Amino acid sequence: MAGHKPPETVAKAAAKGLELRARFNRGGTDVGVHRAEQLQARRPVSDDDITAISSYFKRHAVDKEAKAHEWGDDDDPSAGYIAWLLWGGDAGERWADDIKAGR
């Protein structure tokens, strides 16, 4: 499988998500952690995985509106923000959507 190699920006977001999850003991599921490990290592991602990543972001955009803790705050991050990073963050969303769109 050739797959799609995650860009460095996606790998860095995933690494940050893993770091924040370990530090605050919240955010993401085992699936999200597995995805973050894959992205951080920049292992090839299949077309099916790209679809899953894109779908994750569509389903969880509403998490940005959560009031518990803060979105984007590294000192008191929301669980949703940490999970978002595990999936590659904003860079991961753009990357997956661009691949799905054939760009």
Side-chain angles (χ1 to χ4, degrees):
M1 165 185 99
H4 308 278
K5 184 176 181 181
E8 186 64 33
T9 53
V10 174
K12 285 182 180 179
K16 181 177 179 178
L18 289 168
E19 174 192 329
L20 292 175
R21 186 174 196 266
R23 183 171 157 205
F24 293 98
N25 198 31
R26 64 176 172 253
T29 63
D30 290 343
V31 172
V33 169
H34 175 75
R35 179 70 65 212
E37 291 168 346
Q38 177 188 28
L39 296 173
Q40 178 185 24
R42 300 185 73 196
R43 291 193 302 266
V45 176
S46 71
D47 287 338
D48 286 345
D49 286 342
I50 289 295
T51 297
I53 292 168
S54 180
S55 295
Y56 168 85
F57 288 116
K58 301 303 175 267
R59 287 192 315 274
H60 291 276
V62 67
D63 293 350
K64 292 181 177 185
E65 299 168 18
K67 301 300 180 213
H69 308 288
E70 293 293 323
W71 187 271
D73 183 345
D74 292 348
D75 295 319
D76 187 26
S78 67
Y81 175 63
I82 293 170
W84 189 268
L85 291 172
L86 294 175
W87 286 80
D90 291 343
E93 181 180 29
R94 284 188 302 274
W95 174 62
D97 287 349
D98 284 351
I99 290 170
K100 281 190 67 179
R103 294 184 283 235

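Values in this document were obtained by computation on a predicted structure and should not be read as measured data.
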Pairs in or reaching into residues 13-22: which pass salt bridge (charged side-chain N to carboxylate O under 4.0 Å, His left out), with residues at least two apart or in two chains? Lys16-Asp74

Distance col, row Ile53:CD1 vs Gln38:CD, nearest 0.5 angstrom, shows 6.5 Å

Over all heavy atoms of both residues, which pair between Lys58 and Glu93 is shortest? Give the atoms and the distance, please. NZ-OE2, 3.9 Å

To the nearest 0.5 Å, tell me how far Arg94 CZ sits from Ile99 CD1. 13.0 Å

Please report the closest heavy-atom contact between Asp73 and Asp75, naming both atoms and the distance. OD1-N, 2.7 Å

Show the numbers, then the answer: is there a side-chain contact (heavy atoms from CB on, under 4.5 Å) between Tyr56 and Val31? CA-CA 11 Å; Tyr56 168 85; Val31 172; over 6 Å; no

Value for CD1 (Ile50) from CG (Asp97), rounded to nearest 0.5 Å, stands at 9.5 Å

Run His34 and Asp30 through side-chain contact (heavy atoms from CB on, under 4.5 Å) and show every step you take. CA-CA 6 Å; His34 175 75; Asp30 290 343; over 6 Å; no

Please table the atom pairs, donor to acceptor, closer than 3.5 Å between any side-chain atom in residues 84-91 and protein atoms at least two apart or in another chain.
residue : atom : partner : partner atom : Å
Trp84   : NE1  : Asp90   : OD1          : 2.9

For the student: nearest non-hydrogen atoms of Ser54 and Ala96, plus distance: N-CB, 4.0 Å

Side-chain donor-acceptor pairs under 3.5 Å in residues 2-14, sequence neighbours left out?
residue : atom : partner : partner atom : Å
His4    : NE2  : Asp47   : OD1          : 2.6
Glu8    : OE1  : Arg42   : NH1          : 3.2

